[in-house]
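Encoded as structure tokens, the structure appears first; notes follow it.
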Amino acid sequence: MDTKNKDKKINNKENYRLLWRFMDGSKHLFLLSILMSALVSLADMITPQIISIAVDNCIMGLEPKLPAWAISLADRFGGFAYLGEHLWILAVALIIIAAFRSIGQYFTGVFNNRASETLVKTMRDRLFRHIERLPFSWHMKNHTGDIIQRCTSDVDKVRAFVSEQLTNVIRIVVLIVFSLFFMFRMHVGLTLIAVALIPVTLAFALTFGKKMHKGFEVCDETEGQVSAMVQENLTGVRVVRAFAKERYERDRFEKKNEEYTKLWVDMGKTLATYFSTQDIISLSQVLLVLIFGCIFCVQGKITAGNLLAFISYNGTLSWPIRRLGRMLVEMSKADVSIGRIAYIMNSPAEADDPKALEPPVDREIVFDHINFAYENCPEILHDVSFTIEPGSTLGILGGTGSGKSTLMLLLDKMYDLPQGSGTITIGGVDIRDIRTEYLRSNISMVLQEPFLFSRSISDNIGISDSGITLEEIREAAKAACLDESVTGFPKGYDTFVGERGVTLSGGQKQRAAIARALTKAAPIMIFDDSLSAVDTETDAKIRDALSSRFGKATTVLISHRLTTLAKADKVIVLDNGRLVEMGTPAELKTAGGIYQKIYEIQAGISGKEADNE
């Protein structure tokens, strides 16, 4: 066995162990469903025997070749001759068995449905819980649409396999074993003819199974790409329309959708070939049994009643054999889906050392010789060192891609700083040694692109505190210069915000995100270019509110607008990932560097605007 096949078998074992763990809470329900299904199969085995007895022993009067208990039971009802004169008794027996079978079938469905829905809930709960704990870097590498597809379509395929196929294994075993047992008792030669084509059917199913597995894998991956494309376009619908790119995006989607359709059409041809060939083999087997059965019956080697029962058992036998083939098809689908789900569950979640600390964070923050590169990208930060004094305000200025936001993402442990790439300490404690959840709960961050949930404005602002009052929400909104805008809406703070905040302007979204940060009252406040969409006057009001409201908090302001940084205690300037300037705003105005150039440009623009007015 080569290494690739060996690794695949190991992965398959791990994937099915994962599935077994997912079945916690539903195993007993699946077991009850299997037991009920087995009882239904036993009822199916009894019916042909009653028909055989009715024809051979009751109607034709042949000497019964039955177990002693069966003869004894017939004698209690007056013997075979009496039963032959009163066939309604056997008809009632068949009705009772049918009723018993129906009840068993009902409970099989009830237990199976409850088990499968419990399995789906468990899978989605654990997937969602695990996804929320995955590192930010993992989310950046995986398309949201594909993740959603794994949590929905792939979960449903696994559920379908377990509930519709796997639970039938015991029933199939019961049907095969008992059918063969009764068939061998009735006629060995005819039974050998019946089972002759079974190896051919199984070999054919196994051969096609490998081909179908690869096809299902490609189809599933392409479905994830289609889902990702749809999700991306729906999220960015305003951008698409603003640039009149509807036709371009529609053509992209239709091309990918056509590729996806073609894959399934090809799979449909493969499945049609497989099932039609399997039907031919199965019908050939039934035909052989019927032909040879009639010959043996004419020759007196098998009775008419036994032949009827044999044909019934053969029909029962052919169903599970064909079912095994379908099971292989569904297993191929499920195997791909389990692997895609396992990819998420096996992705390492954020984890702290058991000895992680919870030190005070209202202390000095030191970035010491920081070097950092995103995965498979050139280094973005080069030997950056600076200190933020507790309770002070630090301004960060730099061009696009200079590493400003990256520094704050490292501070918040959104990305892990590799060993040997410098250290970030708070009060002398390396943030690698600080419990992640504790650290983030003490940092309030407003990102470059504010994200609002599809909830009311009050829900979005107060999302960090479930017990927050409307008065506290309004106080934070006032500090963010948002209250006046919100009270002008017909529903006020109950106004529903569309997906990603599409019903609000850019400035309103930024101010809502700022208000959300202000409700947290964290000792470290980070505003990552979060005032870019507000006018200069509102910018000044918000900065004054921040100063009065969080005078003791350590604040970081990232901005391209120097008026935003004017009251910072210290400003650092980044250029291509390197710290090139550091000082107070007053010092940097005359330092002859990047800050002075930007100041002169922005001051010049302000001067021209004043002249025009």
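Start at 1 with the first residue, then count along the sequence.
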### Message
The test is salt bridge (charged side-chain N to carboxylate O under 4.0 Å, His left out); show your working for Lys255 and Glu258 and say whether it passes.
### Response
CA-CA 5 Å; Lys255 182 179 178 181; Glu258 183 179 356; over 6 Å; no
### Working for side-chain contact (heavy atoms from CB on, under 4.5 Å), residues Lys256 and Thr222
CA-CA 8 Å; Lys256 178 60 69 175; Thr222 307; 4.2 Å; yes
### Query
Which is it for Glu132 and Phe128 under the side-chain contact (heavy atoms from CB on, under 4.5 Å) test, yes or no, and what are the steps along the way?
CA-CA 6 Å; Glu132 284 201 316; Phe128 187 80; 3.5 Å; yes
#### Entry: Full working for side-chain contact (heavy atoms from CB on, under 4.5 Å) between Thr191 and Phe310
CA-CA 9 Å; Thr191 304; Phe310 193 97; 3.4 Å; yes
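Within a 6.0 Å sphere centred on CD of Glu358, heavy atoms belonging to other residues, nucleotides or ligands number more than 12. In this structure, Phe107 places its CZ atom where only 12 or fewer heavy-atom neighbours from other residues, nucleotides or ligands lie under 6.0 Å away. By the neighbour-count criterion of 12 heavy atoms within 6.0 Å, atom CD of Gln299 is densely surrounded, having more than that number from other residues, nucleotides or ligands. Residue Tyr438 qualifies as enclosed at atom OH: its count of foreign heavy atoms under 6.0 Å is above 12.
For Asp125, the salt bridge (charged side-chain N to carboxylate O under 4.0 Å, His left out) partners two or more places apart in sequence, or in a different chain, are Lys121. Partners of Glu350 under the side chain to side chain donor-acceptor pair (under 3.5 Å) rule, at least two apart in sequence or in another chain, are Arg440. Applying the salt bridge (charged side-chain N to carboxylate O under 4.0 Å, His left out) rule to Asp459 yields no partners; only residues at least two apart in sequence or on another chain are considered. With sequence neighbours excluded, no residue forms a side chain to side chain donor-acceptor pair (under 3.5 Å) with Arg114. With sequence neighbours excluded, no residue satisfies ring-ring contact (aromatic ring centres under 6.0 Å, His included) with Phe30. The side chain to side chain donor-acceptor pair (under 3.5 Å) search around Gln285 returns Asn314, not counting sequence neighbours. Residues satisfying the side chain to side chain donor-acceptor pair (under 3.5 Å) criterion with Ser441, sequence neighbours excluded, are absent altogether. Evaluation of the salt bridge (charged side-chain N to carboxylate O under 4.0 Å, His left out) rule for Asp412 yields no partner, not counting sequence neighbours. Partners of Phe100 under the ring-ring contact (aromatic ring centres under 6.0 Å, His included) rule, at least two apart in sequence or in another chain, do not exist in this structure. Residues forming a salt bridge (charged side-chain N to carboxylate O under 4.0 Å, His left out) with Asp266 (at least two apart in sequence, or on another chain): Lys262.
Judged by distance alone, the side chain of Ser312 and the main-chain N or O of Leu308 form no donor-acceptor pair under 3.5 Å. Distance alone, capped at 3.5 Å, places no donor-acceptor pair between the Asn257 side chain and the Phe253 backbone. Side-chain atoms of Thr122 come within 3.5 Å of backbone atoms of Thr118 as a donor-acceptor pair (strictly under, hydrogens ignored). Proximity of a side-chain donor or acceptor of Ser37 to a complementary backbone N or O of Ser33 within less than 3.5 Å is not detected.
Residues Glu223 and Lys157 are paired through a salt bridge, judged by an N-O separation under 4.0 Å between the basic side chain and the carboxylate. Comment: Asp335 does not engage Arg340 in a salt bridge, judged by the lack of any side-chain N to carboxylate O separation of less than 4.0 angstrom. Remark: Arg17 does not engage Glu14 in a salt bridge, criterion side-chain N to carboxylate O under 4.0 Å.
Across Ala512 and Ile461, no two heavy atoms sit closer than the pair O-CG1, 4.1 Å. Among all heavy-atom pairs drawn from Pro348 and Pro135, the shortest one is O-CD, 3.3 Å. Of all non-hydrogen atoms in Asn15 and Ala342, the two that sit nearest each other are OD1-CB, 3.2 Å. Residues Ser347 and His130 come closest through the heavy atom pair O-NE2, 2.8 Å. For the pair Ile473 and Ser458, the tightest heavy-atom approach, listed with the atom from each and the gap, is CD1-O, 3.5 Å. For the pair Ala115 and Ser26, the tightest heavy-atom approach, listed with the atom from each and the gap, is O-CB, 3.5 Å.
To the nearest 0.5 Å, the span separating CD1 on Ile147 from NE2 on His139 amounts to 6.0 Å. The CG atom of Leu134 lies 8.0 Å from the CD1 atom of Ile344; values are rounded to the nearest 0.5 Å. One distance of note links OG of Ser153 with CG of Asp146; it measures 10.5 Å at 0.5 Å rounding. Gln149 contributes atom CD, which lies 10.0 Å from atom CD of Gln225 (distance to the nearest 0.5 angstrom). To the nearest 0.5 angstrom, Leu452 atom CG is 9.0 Å from Ile463 atom CD1. Summarising the geometry, atom CD1 belonging to Ile341 is positioned 11.5 Å from atom CG belonging to Asn346; distances are rounded to the nearest 0.5 Å.
With a 4.5 Å cut-off on side-chain heavy atoms, Ile148 and Thr144 count as touching. Under the 4.5 Å side-chain criterion, counting only non-hydrogen atoms from C-beta, Met123 is not in contact with Asp154. The shortest distance between side-chain heavy atoms of Lys413 and Phe136 does not fall below 4.5 Å. Residues Tyr343 and Arg150 form a side-chain contact, since some pair of their non-hydrogen atoms from C-beta on lies under 4.5 Å apart. For the pair Val265/Lys269, a side-chain contact is recorded, criterion being any heavy-atom separation below 4.5 Å from C-beta on. Contact annotation: the side chain of Arg21 approaches that of Arg126 to within less than 4.5 Å [non-hydrogen atoms, C-beta and beyond]. For the pair Ile131 and Cys151, the minimum side-chain heavy-atom distance is below 4.5 Å. Counting heavy atoms from C-beta outward, Met345 and Phe22 have side chains that approach closer than 4.5 Å.
When each of Val158, Val155, Thr152 is paired with Val120, the side chain to side chain contact (heavy atoms under 4.5 Å, CB included) condition holds for Val155 and for no other.
The list of ring-ring contact (aromatic ring centres under 6.0 Å, His included) pairs with a residue in residues 278-297, not counting sequence neighbours, reads His187-Phe296. For residues 100-109, the pairs satisfying side chain to side chain donor-acceptor pair (under 3.5 Å) are Asp44-Arg101, with sequence neighbours left out.
Using a 3.5 Å distance cut-off with no hydrogens or angles, the side chains of Asp352 and Thr436 do pair a donor with an acceptor. A donor-acceptor pair shorter than 3.5 Å cannot be found between the side chains of Ser137 and Glu375.
The cationic atom of Arg455 (NZ for Lys, CZ for Arg) lies less than 6.0 Å from the six-membered ring centre of Phe453 and within 45° of the ring axis.
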